[in-house]
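So the structure is just underneath, and the comments pick up after that.
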2 protein chains.
Amino acid sequence: MTAVSIESAFYRGAPDRLEVPPMTTPPRQPRRKAEQRAESLEQLLDAAEELFSQHGFYGVTIKDIADKVGVHKSLIHYYFTDKQEVFDKVMARRAPVTSGRRMEALDAYEAAAGGKPTVEGALRAFLDTDLDTYSNGGDGWRHFGALSAQINNTPAWGAEVMDRLFDPVVLRLIGLLRQALPDATEEDLFWGYHFVTGALTLSLARTGRIDHLSGGKCRSDDFEAIKERMASFMAHGFIGICHDRAAERRKQTRE
Amino acid sequence: MTAVSIESAFYRGAPDRLEVPPMTTPPRQPRRKAEQRAESLEQLLDAAEELFSQHGFYGVTIKDIADKVGVHKSLIHYYFTDKQEVFDKVMARRAPVTSGRRMEALDAYEAAAGGKPTVEGALRAFLDTDLDTYSNGGDGWRHFGALSAQINNTPAWGAEVMDRLFDPVVLRLIGLLRQALPDATEEDLFWGYHFVTGALTLSLARTGRIDHLSGGKCRSDDFEAIKERMASFMAHGFIGICHDRAAERRKQTRE
DNA sequence: ATTATCTATAGATCTATAGATAATGC
DNA sequence: ATTATCTATAGATCTATAGATAATGC
């Protein structure tokens, strides 16, 4: 898999300068050892990702991860210094992808909106892009989503690192919301975002709670149903409180 | 503390039949051993609650809990059969309290609304009651809130038990929302609740994320700020999507 | 010659239990 | 006599490391 991405990265780069190959010669067949290493690493990270997402950092042992892949537990110490590094690499694998995609979507939306972004438009670029990533990305993204949801509510597990990584996209979204709602206070924008991210986080966790609560009418896995409602719901929330609270401020000023 | 609540439960019960005391004689001074047992139990549950809320079920050892209280770790096995029971009793201590208070608040609101409940009114009974519980309840409730937030996003830790306990209040809330929004589909009501509970959960976790994201303008601990916005924000969301989606259904029918 | 994987093992920690000790209860 | 707490310890498990073995690389 990684061998494939190395190849495609090579072929994607600067196709108009083929006369300068960056390395000696591109290997015809993927080199076996590099391939083996990449595969083992990926399998271990996949297994760790799934187990961490189900039981949390402390609920998983190095042996659990190795057993799931079918290798000896000491192999983990060959590829990683300790369990914390496994966890960190699980995070480092996908977090920049979702951050990058949302940033691009917000850039594209801002360009398309021509100086007049709407609340729902900005939220759609942010939310629907992410919901697509997590719903079309297969098991790996599904587990990563559940793990992110846990981490989001358990700051002691190194949420600060995650936060710092996502800060730029979030501030980018809030910048667009500020344009769309010039009368909103900063506090209202940030609290609104807080509500949005709480709802998104719970969605990524796919707990199955809504399935049984609704008697089967809704399903945690139904990200299309979430996409149909979430951006619109939250946009009405933003606009509503800004309107209500601006009216209240005017009333207080008059008194 | 437990001695106190036994006493008050005694005095609260049927004050018009004082001639039939249920036990031999109410003890003038609290009995020392019962008091000691109750205190130890409470201290152990307090310590467990705080530690679990920070590190999760598997991140806490029996020794950690005992050390925090200053007793020997084997004492935990005297009061509880195993760690799982400690965890379960931590949950059993406060979960029924928040469930009961919200149920009472919804009953009171329905009676006061005289057949015409509003979305925001119902949400206020549900949300503001809970936010009050968690913000005025001291450290114990603060830790329990953070722990609940973790569990909410980690179904493998016995969230089903919690769910079943909270189902009645949630369905009660949704019943009121259904009255307030007779045109809403069941799916819209349940997904709307899903968004609400995600936002509430993140609030209870008090992660500090919004503090640093907003550069200090908002604080995770500021439950008054949340109360000022949350019910109103969510009510606008509910009304908004029901309106939008009903319009869309009419449009599709016409085509 | 280097790399990937496994075997063996040390040392720490964790849960759980049996039984001793010190306090309160009647 | 009963209850609350502690001591001692067994057995399991966990992390981490040293070193052997079996592959691939040049």
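Residue numbering restarts at 1 for every chain, and letters A, B, ... go by the order of the sequence lines.
Note on residues 146-156 of chain B: pairs passing side-chain hydrogen bond (donor to acceptor under 3.5 Å, both in side chains), not counting sequence neighbours, are B/Asn152-B/Thr201.
Between A/Val170 and B/Arg209 there is a side-chain heavy-atom pair separated by less than 4.5 Å. Contact check for A/Asp67 versus A/Lys73: no side-chain heavy atoms found under the 4.5 Å cut-off.
One interatomic measurement links the two molecules: CG of B/Leu44 to P of D/dT5, which rounds to 8 Å at whole-angstrom precision. As rounded to whole Å, 8 Å separates atom C1' of D/dA16 from atom CD1 of A/Ile62. In this entry the distance linking CD of B/Glu39 with P of C/dT24 reads 13 Å, nearest Å. If you take CG of A/Asp82 and C1' of D/dT17, they are 13 Å apart, rounded to a whole angstrom. Summarising the geometry, the separation between CD on A/Glu35 and P on C/dT2 is reported as 23 Å, rounded to the nearest angstrom.
A donor-acceptor pair shorter than 3.5 Å cannot be found between the side chains of A/Thr98 and A/Arg94. Side-chain polar atoms of A/His55 and A/Asp64 form no donor-acceptor pair below 3.5 angstrom. A donor-acceptor pair shorter than 3.5 Å cannot be found between the side chains of B/Arg101 and B/Thr129.
Within the structure, a side-chain polar atom (N or O) of B/Gln36 is placed less than 4.0 Å from OP1 or OP2 of D/dT5.
Under the 6.0 Å cut-off for aromatic ring centres, B/Phe87 and B/Phe52 qualify, their centroids lying closer than that.
Rounded to 10 degrees, the angle between the two end axes of the helix from C/dA1-D/dT24 to C/dT24-D/dA1 is 0°, with five pairs used at each end.
For DNA chain C, the residues of residues 63-80 of chain B within the heavy-atom distance limit of 4.0 Å (strictly under) are B/Lys73, B/Ser74, B/His77, sorted by number.
With respect to A/Glu50 and A/Lys68, a salt bridge is recorded, a charged nitrogen being found less than 4.0 Å from a carboxylate O.
With B/Glu49 as the partner, the side-chain hydrogen bond (donor to acceptor under 3.5 Å, both in side chains) test is satisfied by one option alone out of B/Lys89, B/Arg93, B/His143: B/Arg93.
A/Lys83 contributes no side-chain N or O that forms a donor-acceptor pair with the base of D/dT15 under 3.5 Å.
Checking C/dG25, C/dT2, D/dC14 against every side-chain atom of A/Lys33, the shortest atom distance belongs to C/dT2.
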